[in-house]
2 protein chains.
Amino acid sequence: MNIGQAAKASGVSGKMIRYYEDVGLIPRISRTDSGYRDFSEKDVHILRFISRARSLGFSVEQMYNLLALWQDRNRASSDVKAVALAHIDELDSKIKKLQDMRETLLHLANHCHGDHRPDCPILGDLAAEAQELEDQRAGQELPEP
Amino acid sequence: MNIGQAAKASGVSGKMIRYYEDVGLIPRISRTDSGYRDFSEKDVHILRFISRARSLGFSVEQMYNLLALWQDRNRASSDVKAVALAHIDELDSKIKKLQDMRETLLHLANHCHGDHRPDCPILGDLAAEAQELEDQRAGQELPEP
DNA sequence: TCTTGACCTTCCAACAATGGGAAGCTTTAC
DNA sequence: GTAAAGCTTCCCATTGTTGGAAGGTCAAGA
């Protein structure tokens, strides 16, 4: 099977297959006499594994681990679980960071009248101009007991 | 004010200040006779704006817009709001993507016993091996009424 | 058999945003 | 006057991915 077919069958682009081979994530693919890569079913299987792992956000670095565990018949499932949980932690902190941004921005946007006038708390906040005014305004709108 | 002081005052690293100047996000900074950058208060103000915008996840591309609007005294706040809302949409889709990953992974991790045995649904799912077996097992562990 | 188009090969560049470091000049502090 | 700290530019690395150029190969049709 050549690289185009392997790409279609695995969901990994030809470019990325060459890259993964280059960085050693996948083993060297055997070649035909003319130098074309010749993929076995096993190769495609590995690529499909990678495709799924990528779609779950695992980095190439983490995939080294996962692939090694996958191919180790004596692995402990606790090792696999540890990789997964570590990745969940990473996802959690990314999600939190984005959510914080989102909330701040939404708050600002909600206080922007969004009309033809130039006055806008979003820019005001970014410029940190009239910070007290900002605080006052927020205080009036969200009074704390 | 030299670049080190401007960096401290704005929260943007010296490296990034040079980069932003290079790509035209900020205007050329004036120079002393010896070639050192010499930052005005206004320059620092702009840098602080950028620092805050970055912390809200705006890209350099979006900051071009925001800076232009900031400096346009005839802007319409609706234009600013539009940029903010567009960015919120981006954040939302990133968050959703990460949350989907997180959920899938957590589901798999929850079904992994995490002990010394090699059997693990996380690898099973990535390998897409014995998908029916997987489904059966999930069915046994989480019986649906 | 020759041609053509669709594939494959390698290598190089680019993206976005940031950090690291080298070589060399300037300023500051002692 | 010297040494340290800080500045300058320039190049490189990162992560994962795509694009393209130059050139070889394969398969189908004339």
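Numbered from 1 within each chain, the chains take letters A, B, ... in sequence-line order.
- Residues meeting the ring-ring contact (aromatic ring centres under 6.0 Å, His included) test with B:F58, sequence neighbours left out: B:H87.
- In this structure, B:R31 atom CZ and D:dG6 atom C1' are separated by 14 Å, rounded to whole Å.
- Ion pairing between a basic and an acidic side chain is recognised when a charged N comes within 4.0 Å of a carboxylate O; A:D22 and A:R18 show no such pairing.
- Ring orientation note: the planes of B:F49 and B:W70 are close to parallel, at an angle under 30° on the 30°/60° scale.
- Listed by residue number, the members of residues 1-21 of chain B with any heavy atom below 4.0 angstrom from DNA chain C are B:S13, B:K15, B:M16, B:Y19, B:Y20.
- A:S10 contributes no side-chain N or O that, together with a main-chain N or O of A:R48, makes up a donor-acceptor pair within less than 3.5 Å.
- Judged by distance alone, with hydrogens and angles left aside, the side-chain atoms of A:D38 form no donor-acceptor pair with the main-chain N or O of A:T32 at under 3.5 Å.
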What N/O pairs connect the protein and nucleotides 22-26 of chain D at under 3.5 Å? Give each pair on its own line.
unit_1	atom_1	unit_2	atom_2	d
D:dG24	N2	A:Y36	OH	2.7
D:dT25	O4'	A:Y36	OH	3.3
D:dT25	O2	A:Y36	OH	3.4
D:dC26	OP1	A:S34	OG	2.8

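- The CG atom of B:L25 sits 12 Å away from the P atom of C:dA16 (whole-angstrom rounding).
- Residues of residues 84-99 of chain A having a heavy atom closer than 4.0 Å to DNA chain C: none are found.
- Within the 4.5 Å cutoff, no side-chain heavy atoms of B:S78 are placed close to those of A:D115.
- Regarding B:L56, its CG atom lies at a distance of 17 Å from the C1' atom of C:dA17, rounded to whole Å.
- Fit an axis to the five pairs at each end of the helix from C:dT1-D:dA30 to C:dC30-D:dG1 and the two axes sit 20° apart, to the nearest 10 degrees.
- A distance-only check finds no donor-acceptor pair linking the side chain of B:R37 to the backbone of B:I3 [under 3.5 Å].
- One can place CG of A:D22 at 14 Å from C1' of D:dT17, the figure rounded to the nearest angstrom.
- At the phosphate of C:dC8, neither OP1 nor OP2 sits under 4.0 Å from any side-chain N or O atom of A:R37.
- To the nearest 0.5 angstrom, A:I29 atom CD1 is 3.5 Å from A:D43 atom CG.
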Can you give me every donor-acceptor pair (side chain of residues 60-69 of chain A, partner residue at least two apart or in another chain, under 3.5 Å) with its distance?
unit_1	atom_1	unit_2	atom_2	d
A:Q62	OE1	A:S59	N	2.9
A:Q62	OE1	A:S59	OG	3.4
A:Q62	NE2	A:E90	OE2	3.2
A:Y64	OH	A:V23	O	2.5

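- You'll find the side chain of A:Y19 stays beyond 4.5 Å of the side chain of A:L25, heavy atoms only.
- Taking 4.0 Å as the cut-off between side-chain N and carboxylate O, A:R117 and A:D119 do not count as a salt-bridged pair.
- Rounded to whole Å, the distance from CD1 on A:I29 to C1' on C:dC8 is 15 Å.
- Here the closest heavy-atom approach between residue A:G114 and residue B:S77 is recorded as N-OG, 3.3 Å.
- A:R102 and B:D92 are joined by a salt bridge, as a carboxylate oxygen and a charged side-chain nitrogen come within less than 4.0 angstrom of each other.
- Put simply, A:R54 has a side-chain N or O that comes within less than 4.0 Å of OP1 or OP2 on D:dT17.
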